[in-house]
Amino acid sequence: MTFEEVIGQDEAKQSLVKLIEEHRVPHAMLFCGPMGCGKKALALAFASRLLGDSQLLRQWQHPDLHFSFPTIKKPTMGSDHQPVSDDYAQKWRELLSDGAYFSIEQWMDAMGAENQQAIITGAESDRLSRRLSIKASQGGYKVCVMWLPERMNVTSANKILKLLEEPPQQTVFILVSEEPEKLLETIRSRTQRFDFKRISDEAIEQALTERRGIDADTAHRIARIANGSWTAALDSLRAGNEASLFFDLFAMLMRYAYSKKVKELKKWSESVAAFGREKQKRMIVYFNRMVRESFMYNFRNPELNYMTANEEQFCTRFAPFINERNVMELNELFERALRDISQNANAKMVFFDIALQTIILITRKQQA
């Protein structure tokens, strides 16, 4: 991967290239920044520049490039087996071949995860220690890219700390973290931290038009909604994406609530209660965003809104029902539901309560 393939981040690219040109490459680097800003892409481009271009590198099979990432334990694995990155190497390369911008949710889907928690095991740290102790096959650098190191368990974290304290010769570690505050302080202190900003809307808009052939208006809308995340921008392009599903469910909730169709609302709450908890939480966050966007739409200032054309079309009729008499309470309703779901409350009860409360709140305008 080249730096030219990274979306935006021109200042960061220049800084990283300068480190290589001036032979000031740290042995351990911590890449941080908001989700979708391109941390992983920058890490891969940096690793590729260090190792030099080759066919193996383009296939992500270079012998001196080592990946480490969260994995799950499949039922088919033996009781004594701790999953390691090698167990999922093929799936990892397949996902990377489609681009470096993907989320942990997409990776979980690729692994076939259900409700498991993806972690980096102690066995994974042992694997890295063995691999990195071997001399570089090309006589130059060995590079280890660890994605989401905050998902290391205690055993793994302590073993990685020892590797960072006594790194193998000519080895560069690049830790790509979404939540660096969850890492051991001793690990953070042994890395040089690089904080990357969100991608500018202009860079996302340009990439959408030049690389994806999107028309200017759609690209502008997607770039604003993406909020600096190329991953979010790509998700908006996928047919049948999750946001589209959440939009349909939000519209359904509001229509049923306005019509006071309690029977249909009960069915609605049972259907969304069947989702996994992480998906439920993402849906509630989306609902809260739509409440905000609907309220702001009433001010008739396009610069205040961040919506797709489909969402905006819905708001032309729906927005008046989100007003100063209910917007705060709707926001609190969804915030409370998010907290309850996070604490493993009964999902059917939480979502049916949302449905019943929405009836009261969404019809309040008519009672004024």
Side-chain angles (χ1 to χ4, degrees), residues 35 70-75 83 103-119 148 150-151 153-154 178-179 181-182 232 235 240-295 311 314 318 321-323 325-365 367:
M35 185 175 67
T71 56
I72 59 168
K73 184 164 184 173
K74 288 293 195 80
S103 64
I104 183 62
E105 289 79 21
Q106 289 169 288
W107 174 233
M108 295 289 278
D109 287 343
M111 287 191 292
E114 296 177 357
N115 293 319
Q116 300 104 312
Q117 182 74 16
I119 64 170
L148 303 183
E150 58 269 26
R151 288 180 175 256
N153 62 21
V154 176
E178 296 284 355
E179 300 173 288
E181 67 280 359
K182 291 185 177 181
D235 187 57
N241 66 74
E242 194 174 68
S244 179
L245 169 64
F246 292 164
F247 168 74
D248 291 339
L249 290 169
F250 178 80
M252 194 182 301
L253 169 64
M254 296 303 163
R255 285 170 181 147
Y256 286 158
Y258 176 77
S259 303
K260 300 180 181 178
K261 294 182 177 180
V262 177
K263 185 177 180 179
E264 283 80 357
L265 284 169
K266 188 172 187 298
K267 290 180 180 177
W268 177 92
S269 63
E270 289 173 349
S271 66
V272 296
F275 294 162
R277 289 199 181 268
E278 292 302 316
K279 187 172 183 177
Q280 290 170 354
K281 285 155 64 176
R282 294 194 299 274
M283 182 185 73
I284 294 170
V285 170
Y286 176 86
F287 284 8
N288 224 350
R289 183 179 77 79
M290 281 302 296
V291 167
R292 181 263 179 202
E293 296 300 334
S294 299
F295 180 67
E311 291 168 344
F314 173 76
F318 174 70
F321 295 96
I322 304 296
N323 50 75
R325 298 183 185 92
N326 61 18
V327 64
M328 293 302 296
E329 289 177 80
L330 280 166
N331 174 264
E332 290 168 2
L333 174 66
F334 291 128
E335 289 289 345
R336 185 168 62 251
L338 183 62
R339 183 175 63 251
D340 291 343
I341 291 296
S342 298
Q343 295 174 351
N344 293 323
N346 184 296
K348 286 186 180 180
M349 294 179 62
V350 171
F351 289 112
F352 193 48
D353 180 63
I354 284 177
L356 296 179
Q357 293 295 326
T358 302
I359 292 177
I360 299 170
L361 296 172
I362 207 70
T363 56
R364 184 169 287 174
K365 178 177 182 292
Q367 299 166 1

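In this structure, the side chains of Trp268 and Met252 come closer than 4.5 Å at one or more pairs of heavy atoms. With contacts defined as side-chain heavy-atom distances shorter than 4.5 Å, the pair Ile322/Ile362 qualifies.
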Asp353/Asp340 under side-chain contact (heavy atoms from CB on, under 4.5 Å): CA gap, chis, key distance, verdict: CA-CA 12 Å; Asp353 180 63; Asp340 291 343; over 6 Å; no
Applying side-chain contact (heavy atoms from CB on, under 4.5 Å), run through Lys279 and Leu245 and close with a yes or a no. CA-CA 11 Å; Lys279 187 172 183 177; Leu245 169 64; 3.7 Å; yes
Determine, step by step, whether Phe352 and Val262 satisfy the side-chain contact (heavy atoms from CB on, under 4.5 Å) criterion, reporting the C-alpha distance in whole Å, the side-chain angles of both residues, the deciding distance to 0.1 Å, and the verdict. CA-CA 9 Å; Phe352 193 48; Val262 177; 4.2 Å; yes
Checking side-chain contact (heavy atoms from CB on, under 4.5 Å) for the pair Leu356/Ile360: CA distance, chi angles, key distance, verdict? CA-CA 7 Å; Leu356 296 179; Ile360 299 170; over 6 Å; no
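Heavy atoms of other residues, nucleotides or ligands lying less than 6.0 angstrom from CE of Met35 number 12 at most. Within a 6.0 Å radius of NZ in Lys266, no more than 12 heavy atoms belonging to other residues, nucleotides or ligands are found.
Judged purely by atom type and a 3.5 angstrom limit, Glu264 has no side-chain atom pairing as donor or acceptor with the backbone of Tyr256.
We find the CG-CZ distance between Leu249 and Phe275 to be 5.0 Å, quoted to the nearest 0.5 Å. Between the CZ atom in Arg277 and the NZ atom in Lys281 there is a gap of 9.5 Å [rounded to 0.5 Å]. Between the CD atom in Glu242 and the CE atom in Met283 there is a gap of 10.0 Å [rounded to 0.5 Å]. Atoms CZ and NZ, from Arg255 and Lys261 in turn, are 10.5 Å apart once rounded to the nearest 0.5 Å. Distance OG1/Thr363 to CG/Asn326: 9.0 Å, rounded to 0.5 Å. To the nearest 0.5 Å, atom CG of residue Asn323 and atom CG of residue Leu361 are 10.0 Å apart.
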Under 3.5 Å, side-chain donor or acceptor atoms of residues 284-292 against the rest of the protein: list the pairs with distances, not counting sequence neighbours.
| unit_1 | atom_1 | unit_2 | atom_2 | d |
| --- | --- | --- | --- | --- |
| Tyr286 | OH | Glu311 | OE2 | 2.6 |
| Asn288 | OD1 | Asn331 | ND2 | 3.2 |
| Asn288 | ND2 | Glu335 | OE2 | 3.3 |
| Arg289 | NH1 | Tyr306 | O | 2.8 |
| Arg289 | NH2 | Glu311 | OE1 | 3.3 |
| Arg289 | NH2 | Glu311 | OE2 | 2.9 |
| Arg292 | NH1 | Leu304 | O | 2.9 |
| Arg292 | NH2 | Leu304 | O | 3.4 |

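Pairing each heavy atom of Ile354 with each of Ala337, the nearest pair is CD1-CB, 3.5 Å. Contact detail for Leu148 and Pro70: the closest heavy-atom pair is CB-CG, 3.9 Å. In terms of heavy-atom proximity, Leu253 sits nearest to Ala355 at CD1-CA, 4.0 Å.
Phe318 is linked by a ring pair (Phe, Tyr, Trp, His ring centres under 6.0 Å) to Phe250, Phe314, counting only residues two or more places apart in sequence or in another chain.
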